Amino acid sequence: MDIHGRDLRYFTAVAEELSFTRAAERLFVSQPALSKQIRMLEKHLGVVLFRRDRRTVRLTPVGEALLPHAHEVLAAWRAAQEAVDEARDTGLRTLVIGTSTGPGRGLLPALRTRLVSRHPDARTVLRQVGWADPSAGLADGSSDVAFVWLPLPDEGRYRYVVVAREPRLVALPQGHPLAERAAADPEGAVEFADLLEEPFLALPPEAGPLRDHWLALDARDGRPPRIGAVVAGAEETHEAVAAGQGVALLAAGNAPLVVRDGVIALPVRGLSPSRLAVAAARDDERPLVRAYLAAAGEAGAAARAPR
(Lines give C-alpha, C1' and ligand atoms only; values in the text may rest on other atoms or scores of the structure.)
Protein backbone atom coordinates (compact mmCIF):
# COMPACT_ATOMS: atom_id res chain seq x y z
CA MET A 1 0.00 0.00 0.00
CA ASP A 2 1.13 3.55 -0.67
CA ILE A 3 1.61 5.86 2.29
CA HIS A 4 2.27 9.48 1.36
CA GLY A 5 4.86 11.73 2.96
CA ARG A 6 2.00 13.94 4.09
CA ASP A 7 0.58 11.07 6.14
CA LEU A 8 3.88 10.58 7.93
CA ARG A 9 4.29 14.31 8.54
CA TYR A 10 0.83 14.46 10.08
CA PHE A 11 1.51 11.39 12.18
CA THR A 12 4.86 12.66 13.52
CA ALA A 13 3.41 16.09 14.33
CA VAL A 14 0.64 14.56 16.46
CA ALA A 15 3.10 12.11 18.03
CA GLU A 16 5.48 14.90 19.01
CA GLU A 17 2.82 17.34 20.19
CA LEU A 18 0.50 14.69 21.72
CA SER A 19 -2.24 17.14 20.85
CA PHE A 20 -4.35 17.30 17.70
CA THR A 21 -4.97 21.00 18.31
CA ARG A 22 -1.29 21.96 18.56
CA ALA A 23 -0.33 19.62 15.71
CA ALA A 24 -2.99 21.17 13.46
CA GLU A 25 -1.67 24.68 14.26
CA ARG A 26 1.89 23.52 13.53
CA LEU A 27 0.84 22.01 10.20
CA PHE A 28 -1.43 24.93 9.24
CA VAL A 29 -4.42 22.63 8.72
CA SER A 30 -7.76 22.39 10.45
CA GLN A 31 -8.10 19.97 13.36
CA PRO A 32 -10.98 18.02 11.71
CA ALA A 33 -8.89 17.57 8.53
CA LEU A 34 -5.93 16.34 10.59
CA SER A 35 -8.07 13.91 12.58
CA LYS A 36 -9.60 12.56 9.36
CA GLN A 37 -6.16 12.02 7.82
CA ILE A 38 -4.90 10.14 10.89
CA ARG A 39 -7.98 7.91 10.87
CA MET A 40 -7.37 7.16 7.16
CA LEU A 41 -3.73 6.29 7.91
CA GLU A 42 -4.80 3.94 10.69
CA LYS A 43 -7.33 2.34 8.36
CA HIS A 44 -4.68 1.85 5.65
CA LEU A 45 -2.30 0.26 8.14
CA GLY A 46 -4.99 -1.72 9.93
CA VAL A 47 -3.80 -0.51 13.34
CA VAL A 48 -4.54 2.07 16.03
CA LEU A 49 -1.76 4.63 16.38
CA PHE A 50 -3.18 6.88 19.13
CA ARG A 51 -5.31 6.48 22.23
CA ARG A 52 -7.53 9.53 22.59
CA ASP A 53 -9.77 10.80 25.33
CA ARG A 54 -11.09 14.23 26.13
CA ARG A 55 -7.88 15.32 27.86
CA THR A 56 -5.00 13.32 26.47
CA VAL A 57 -3.51 11.80 23.34
CA ARG A 58 -1.08 8.91 23.74
CA LEU A 59 0.83 6.76 21.29
CA THR A 60 -0.09 3.10 21.21
CA PRO A 61 2.75 0.54 21.18
CA VAL A 62 2.23 0.31 17.40
CA GLY A 63 2.50 4.11 17.13
CA GLU A 64 5.68 4.07 19.18
CA ALA A 65 7.11 1.41 16.87
CA LEU A 66 6.24 3.47 13.77
CA LEU A 67 7.56 6.84 15.01
CA PRO A 68 11.35 6.33 14.59
CA HIS A 69 10.85 4.85 11.13
CA ALA A 70 8.60 7.75 10.15
CA HIS A 71 11.35 10.14 11.27
CA GLU A 72 13.90 8.24 9.17
CA VAL A 73 11.70 8.25 6.07
CA LEU A 74 11.00 11.97 6.35
CA ALA A 75 14.67 12.74 6.96
CA ALA A 76 15.66 10.66 3.92
CA TRP A 77 13.11 12.46 1.77
CA ARG A 78 14.35 15.86 2.94
CA ALA A 79 17.89 14.79 2.05
CA ALA A 80 16.67 13.64 -1.35
CA GLN A 81 14.95 16.96 -1.95
CA GLU A 82 18.10 18.83 -0.96
CA ALA A 83 20.18 16.68 -3.32
CA VAL A 84 17.76 17.33 -6.16
CA ASP A 85 17.76 21.07 -5.44
CA GLU A 86 21.56 21.13 -5.30
CA ALA A 87 21.86 19.22 -8.58
CA ARG A 88 19.34 21.54 -10.19
CA ASP A 89 21.10 24.65 -8.94
CA THR A 90 24.49 23.31 -9.99
CA GLY A 91 23.10 22.59 -13.43
CA LEU A 92 21.73 26.10 -13.66
CA ARG A 93 25.15 27.50 -12.71
CA THR A 94 27.23 25.20 -14.95
CA LEU A 95 27.79 25.75 -18.66
CA VAL A 96 29.29 22.90 -20.71
CA ILE A 97 31.35 24.28 -23.60
CA GLY A 98 32.03 21.90 -26.46
CA THR A 99 35.01 22.21 -28.76
CA SER A 100 36.76 19.96 -31.27
CA THR A 101 40.10 21.74 -30.83
CA GLY A 102 41.27 24.21 -28.22
CA PRO A 103 39.63 27.51 -29.21
CA GLY A 104 42.82 29.45 -28.43
CA ARG A 105 42.92 33.07 -29.59
CA GLY A 106 42.37 34.16 -25.98
CA LEU A 107 38.67 33.44 -26.38
CA LEU A 108 38.02 31.16 -23.41
CA PRO A 109 39.31 33.51 -20.69
CA ALA A 110 37.79 36.55 -22.39
CA LEU A 111 34.35 34.98 -22.66
CA ARG A 112 34.50 33.57 -19.16
CA THR A 113 35.31 37.00 -17.75
CA ARG A 114 32.34 38.51 -19.57
CA LEU A 115 30.07 35.66 -18.48
CA VAL A 116 31.04 35.92 -14.81
CA SER A 117 30.46 39.68 -14.89
CA ARG A 118 26.80 38.88 -15.60
CA HIS A 119 26.53 35.66 -13.58
CA PRO A 120 29.09 35.62 -10.74
CA ASP A 121 28.21 32.03 -9.73
CA ALA A 122 28.63 30.65 -13.25
CA ARG A 123 30.94 27.68 -13.72
CA THR A 124 32.25 26.61 -17.12
CA VAL A 125 33.32 23.09 -18.12
CA LEU A 126 35.26 22.50 -21.35
CA ARG A 127 34.36 19.32 -23.25
CA GLN A 128 36.48 17.94 -26.09
CA VAL A 129 34.47 16.42 -28.95
CA GLY A 130 35.79 14.46 -31.93
CA TRP A 131 35.82 15.89 -35.44
CA ALA A 132 33.10 13.49 -36.53
CA ASP A 133 30.63 15.77 -34.70
CA PRO A 134 30.88 19.22 -36.29
CA SER A 135 28.36 20.57 -33.75
CA ALA A 136 30.82 19.81 -30.90
CA GLY A 137 28.10 18.24 -28.76
CA LEU A 138 25.18 20.53 -29.56
CA ALA A 139 23.41 17.96 -31.72
CA ASP A 140 23.01 15.41 -28.91
CA GLY A 141 22.71 17.97 -26.10
CA SER A 142 25.96 17.01 -24.37
CA SER A 143 27.22 20.61 -24.80
CA ASP A 144 25.29 23.74 -23.86
CA VAL A 145 27.30 26.02 -26.15
CA ALA A 146 30.14 25.15 -28.51
CA PHE A 147 33.00 26.56 -30.52
CA VAL A 148 32.28 25.37 -34.05
CA TRP A 149 33.59 25.93 -37.54
CA LEU A 150 31.04 27.01 -40.11
CA PRO A 151 29.13 25.77 -41.98
CA LEU A 152 27.16 23.64 -39.55
CA PRO A 153 24.98 20.75 -40.72
CA ASP A 154 21.27 21.38 -40.05
CA GLU A 155 22.18 25.01 -39.56
CA GLY A 156 18.57 25.96 -38.87
CA ARG A 157 18.76 24.13 -35.53
CA TYR A 158 21.33 26.58 -34.18
CA ARG A 159 22.06 30.21 -33.61
CA TYR A 160 25.65 31.40 -33.55
CA VAL A 161 28.00 34.35 -33.30
CA VAL A 162 31.14 34.49 -35.45
CA VAL A 163 34.13 35.25 -33.20
CA ALA A 164 37.00 34.87 -35.69
CA ARG A 165 37.55 34.96 -39.46
CA GLU A 166 40.86 33.50 -40.51
CA PRO A 167 42.50 32.56 -43.82
CA ARG A 168 42.76 28.90 -44.68
CA LEU A 169 46.36 27.70 -44.79
CA VAL A 170 47.70 24.50 -46.26
CA ALA A 171 49.83 22.14 -44.15
CA LEU A 172 52.57 20.42 -46.14
CA PRO A 173 55.49 18.16 -45.30
CA GLN A 174 58.75 20.07 -45.15
CA GLY A 175 60.54 19.81 -48.50
CA HIS A 176 57.33 19.60 -50.53
CA PRO A 177 57.85 21.10 -54.04
CA LEU A 178 55.18 23.72 -53.40
CA ALA A 179 57.17 24.97 -50.41
CA GLU A 180 60.03 25.85 -52.73
CA ARG A 181 57.62 27.61 -55.10
CA ALA A 182 56.14 29.59 -52.21
CA ALA A 183 59.60 30.67 -51.16
CA ALA A 184 59.88 32.57 -54.44
CA ASP A 185 56.48 34.24 -53.99
CA PRO A 186 56.48 37.78 -52.48
CA GLU A 187 53.79 36.70 -49.98
CA GLY A 188 55.16 33.22 -49.45
CA ALA A 189 51.84 31.85 -50.68
CA VAL A 190 50.63 29.18 -53.09
CA GLU A 191 47.69 29.27 -55.45
CA PHE A 192 44.89 26.87 -54.62
CA ALA A 193 44.90 25.81 -58.28
CA ASP A 194 48.37 24.37 -57.66
CA LEU A 195 46.92 22.09 -54.97
CA LEU A 196 44.14 20.53 -57.03
CA GLU A 197 46.10 17.37 -57.87
CA GLU A 198 47.38 16.87 -54.33
CA PRO A 199 45.84 14.19 -52.09
CA PHE A 200 43.93 15.90 -49.28
CA LEU A 201 43.29 14.85 -45.72
CA ALA A 202 39.56 14.79 -45.04
CA LEU A 203 37.36 14.94 -41.96
CA PRO A 204 35.12 11.91 -41.31
CA PRO A 205 32.07 11.78 -43.61
CA GLU A 206 29.80 12.51 -40.61
CA ALA A 207 31.19 16.05 -40.57
CA GLY A 208 29.03 16.80 -43.61
CA PRO A 209 29.37 20.34 -44.96
CA LEU A 210 32.34 21.02 -42.71
CA ARG A 211 34.24 18.18 -44.41
CA ASP A 212 33.44 19.89 -47.73
CA HIS A 213 34.71 23.22 -46.41
CA TRP A 214 38.11 21.83 -45.40
CA LEU A 215 38.38 20.09 -48.77
CA ALA A 216 37.57 23.48 -50.37
CA LEU A 217 34.85 22.10 -52.62
CA ASP A 218 33.71 25.68 -53.12
CA ALA A 219 36.93 26.47 -54.99
CA ARG A 220 37.31 23.34 -57.14
CA ASP A 221 34.85 24.16 -59.94
CA GLY A 222 33.28 20.76 -59.57
CA ARG A 223 36.52 18.77 -59.65
CA PRO A 224 36.39 16.06 -56.98
CA PRO A 225 39.22 16.00 -54.44
CA ARG A 226 41.68 13.16 -54.07
CA ILE A 227 41.39 11.82 -50.51
CA GLY A 228 44.71 10.69 -49.07
CA ALA A 229 43.41 9.79 -45.62
CA VAL A 230 40.62 10.53 -43.14
CA VAL A 231 41.65 12.28 -39.93
CA ALA A 232 39.70 12.83 -36.72
CA GLY A 233 41.99 15.10 -34.73
CA ALA A 234 44.91 17.52 -34.82
CA GLU A 235 47.48 14.90 -33.87
CA GLU A 236 46.30 12.55 -36.60
CA THR A 237 46.52 15.44 -39.07
CA HIS A 238 50.10 16.21 -38.09
CA GLU A 239 51.15 12.57 -38.38
CA ALA A 240 49.44 12.08 -41.76
CA VAL A 241 50.95 15.24 -43.27
CA ALA A 242 54.40 14.37 -41.93
CA ALA A 243 54.07 10.88 -43.42
CA GLY A 244 53.20 12.29 -46.84
CA GLN A 245 49.66 10.91 -46.92
CA GLY A 246 48.24 14.23 -48.02
CA VAL A 247 48.04 17.95 -47.49
CA ALA A 248 45.49 19.56 -45.18
CA LEU A 249 43.71 22.87 -45.03
CA LEU A 250 43.50 24.48 -41.60
CA ALA A 251 42.58 27.80 -40.07
CA ALA A 252 45.49 30.15 -39.41
CA GLY A 253 44.76 30.15 -35.69
CA ASN A 254 45.00 26.37 -35.56
CA ALA A 255 48.33 26.14 -37.36
CA PRO A 256 50.33 25.70 -34.11
CA LEU A 257 48.42 22.45 -33.47
CA VAL A 258 49.84 20.88 -36.64
CA VAL A 259 52.95 22.80 -37.66
CA ARG A 260 55.98 21.18 -36.01
CA ASP A 261 58.45 18.34 -36.55
CA GLY A 262 58.65 18.39 -40.33
CA VAL A 263 55.26 19.99 -41.08
CA ILE A 264 54.91 23.56 -42.37
CA ALA A 265 51.89 25.74 -43.27
CA LEU A 266 51.62 28.21 -46.15
CA PRO A 267 49.04 30.85 -47.06
CA VAL A 268 46.75 29.90 -49.93
CA ARG A 269 45.33 32.34 -52.46
CA GLY A 270 41.93 31.68 -53.98
CA LEU A 271 40.11 30.49 -50.85
CA SER A 272 37.47 32.17 -48.73
CA PRO A 273 38.34 32.54 -45.04
CA SER A 274 37.32 30.09 -42.34
CA ARG A 275 34.83 31.22 -39.68
CA LEU A 276 34.93 30.21 -36.03
CA ALA A 277 31.67 30.69 -34.15
CA VAL A 278 30.12 30.18 -30.73
CA ALA A 279 26.83 28.35 -31.23
CA ALA A 280 23.88 27.06 -29.22
CA ALA A 281 20.62 25.31 -29.96
CA ARG A 282 18.21 27.83 -31.48
CA ASP A 283 15.49 27.17 -28.90
CA ASP A 284 17.79 27.18 -25.84
CA GLU A 285 16.83 30.29 -23.86
CA ARG A 286 18.58 29.49 -20.58
CA PRO A 287 20.16 32.60 -19.02
CA LEU A 288 23.74 31.24 -19.07
CA VAL A 289 23.45 30.26 -22.72
CA ARG A 290 22.10 33.68 -23.68
CA ALA A 291 24.81 35.38 -21.64
CA TYR A 292 27.59 33.35 -23.27
CA LEU A 293 26.35 34.16 -26.76
CA ALA A 294 26.12 37.83 -25.81
CA ALA A 295 29.70 37.68 -24.50
CA ALA A 296 30.79 36.05 -27.77
CA GLY A 297 29.13 38.83 -29.73
CA GLU A 298 30.96 41.45 -27.68
CA ALA A 299 34.28 39.65 -28.05
CA GLY A 300 33.80 39.31 -31.79
CA ALA A 301 32.96 43.00 -32.13
CA ALA A 302 36.00 43.95 -30.05
CA ALA A 303 38.25 41.81 -32.26
CA ARG A 304 36.92 43.50 -35.40
CA ALA A 305 37.20 47.04 -34.02
CA PRO A 306 39.95 49.17 -35.61
CA ARG A 307 43.05 49.63 -33.48
Side-chain angles (χ1 to χ4, degrees), residues 90-119 121-166 168 202-215 231-237 249-258 273-304:
T90 299
L92 292 174
R93 295 193 303 266
T94 301
L95 193 71
V96 179
I97 303 169
T99 181
S100 57
T101 55
R105 304 157 181 87
L107 287 168
L108 280 175
L111 296 189
R112 186 181 185 283
T113 297
R114 293 176 187 271
L115 176 69
V116 172
S117 71
R118 295 176 170 88
H119 297 273
D121 294 334
R123 174 175 172 261
T124 57
V125 176
L126 191 65
R127 179 174 180 269
Q128 290 288 336
V129 181
W131 288 4
D133 178 6
S135 76
L138 294 179
D140 64 9
S142 56
S143 298
D144 299 315
V145 296
F147 286 88
V148 298
W149 292 100
L150 302 179
L152 277 167
D154 300 322
E155 197 162 287
R157 295 178 56 189
Y158 309 104
R159 65 188 192 276
Y160 58 80
V161 176
V162 175
V163 291
R165 290 177 172 83
E166 298 177 348
R168 282 182 276 181
L203 270 61
E206 298 92 327
L210 195 58
R211 172 185 166 104
D212 298 343
H213 174 75
W214 293 114
L215 290 173
V231 291
E235 190 59 34
E236 286 184 28
T237 302
L249 294 179
L250 66 161
N254 282 351
L257 300 174
V258 176
S274 56
R275 294 176 297 158
L276 179 65
V278 173
R282 184 169 294 279
D283 59 355
D284 193 339
E285 294 296 334
R286 288 175 294 169
L288 284 187
V289 171
R290 293 201 308 269
Y292 204 79
L293 288 174
E298 293 168 3
R304 293 189 297 270

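All values reported here derive from a predicted model rather than from experimental measurement.
Scored by the salt bridge (charged side-chain N to carboxylate O under 4.0 Å, His left out) test, Asp284 finds Arg286 as partners (sequence neighbours excluded). Among residues two or more places apart in sequence or in another chain, the salt bridge (charged side-chain N to carboxylate O under 4.0 Å, His left out) test is passed with Glu235 by Arg260. Residues satisfying the side chain to side chain donor-acceptor pair (under 3.5 Å) criterion with Asp140, sequence neighbours excluded, are Ser142. In this structure Arg118 satisfies the salt bridge (charged side-chain N to carboxylate O under 4.0 Å, His left out) test together with Glu298, sequence neighbours excluded. Partners of Val116 according to the side chain to side chain contact (heavy atoms under 4.5 Å, CB included) rule, which considers only residues two or more places apart in sequence or in another chain, are Arg112. Applying the side chain to side chain contact (heavy atoms under 4.5 Å, CB included) criterion to Glu166, with sequence neighbours excluded, gives Arg105, Trp149, Ala164, Ala251, Ala252, Ser274. Contacts of Ser143 classified as side chain to side chain donor-acceptor pair (under 3.5 Å), with partners at least two apart in sequence or in another chain: none. Shown here are the side chain to side chain donor-acceptor pair (under 3.5 Å) partners of Gln128, two or more places apart in sequence or in another chain: there are none. Partners of Arg211 under the side chain to side chain contact (heavy atoms under 4.5 Å, CB included) rule, at least two apart in sequence or in another chain, are Ala202, Leu203, Pro205, Ala207, Leu215, Ile227, Val230. For Tyr160, the side chain to side chain donor-acceptor pair (under 3.5 Å) partners are Glu155, not counting sequence neighbours. Checked against side chain to side chain contact (heavy atoms under 4.5 Å, CB included), Pro287 has the following partners two or more places apart in sequence or in another chain: His119, Arg290.
Residues Thr99 and Leu108 form no side-chain contact, since every pair of their non-hydrogen atoms from C-beta on lies 4.5 Å or further apart. Tyr158 has its side chain out of reach of Val148: every pair of non-hydrogen atoms, C-beta onward, lies at least 4.5 Å apart. Contact of the Arg165 side chain with the Arg275 side chain is registered, since non-hydrogen atoms from C-beta on lie closer than 4.5 Å. Using a 4.5 Å heavy-atom cutoff, the side chains of Leu111 and Val278 are in contact.
Side-chain N or O atoms of Arg168 include none that pairs as donor or acceptor with a backbone N or O of Trp214 at under 3.5 Å. Distance alone, capped at 3.5 Å, is enough to place a donor-acceptor pair between the Arg159 side chain and the Arg282 backbone.
Closest non-hydrogen pair, Asp133 versus Ala139, comes out as OD1-CB, 4.5 Å. Across all their heavy atoms, Val231 and Pro204 have their closest contact at O-CD, 3.2 Å. The two residues Val163 and Ala296 have their closest heavy-atom pair at CG1-O, 3.6 Å. In terms of heavy atoms, Pro134 sits closest to Leu210 at CB-CD2, 3.8 Å. Taking every heavy atom of both residues into account, Ala280 and Asp144 meet most closely at CB-O, 3.9 Å. Residues Val145 and Leu95 share a closest heavy-atom pair of CG2-CD2, 3.9 Å.
Atom CG in Leu115 sits 7.5 Å away from atom CD1 in Ile97 (nearest 0.5 Å).
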Step by step, work out the side-chain contact (heavy atoms from CB on, under 4.5 Å) result for Leu257 and Leu250.
CA-CA 10 Å; Leu257 300 174; Leu250 66 161; over 6 Å; no

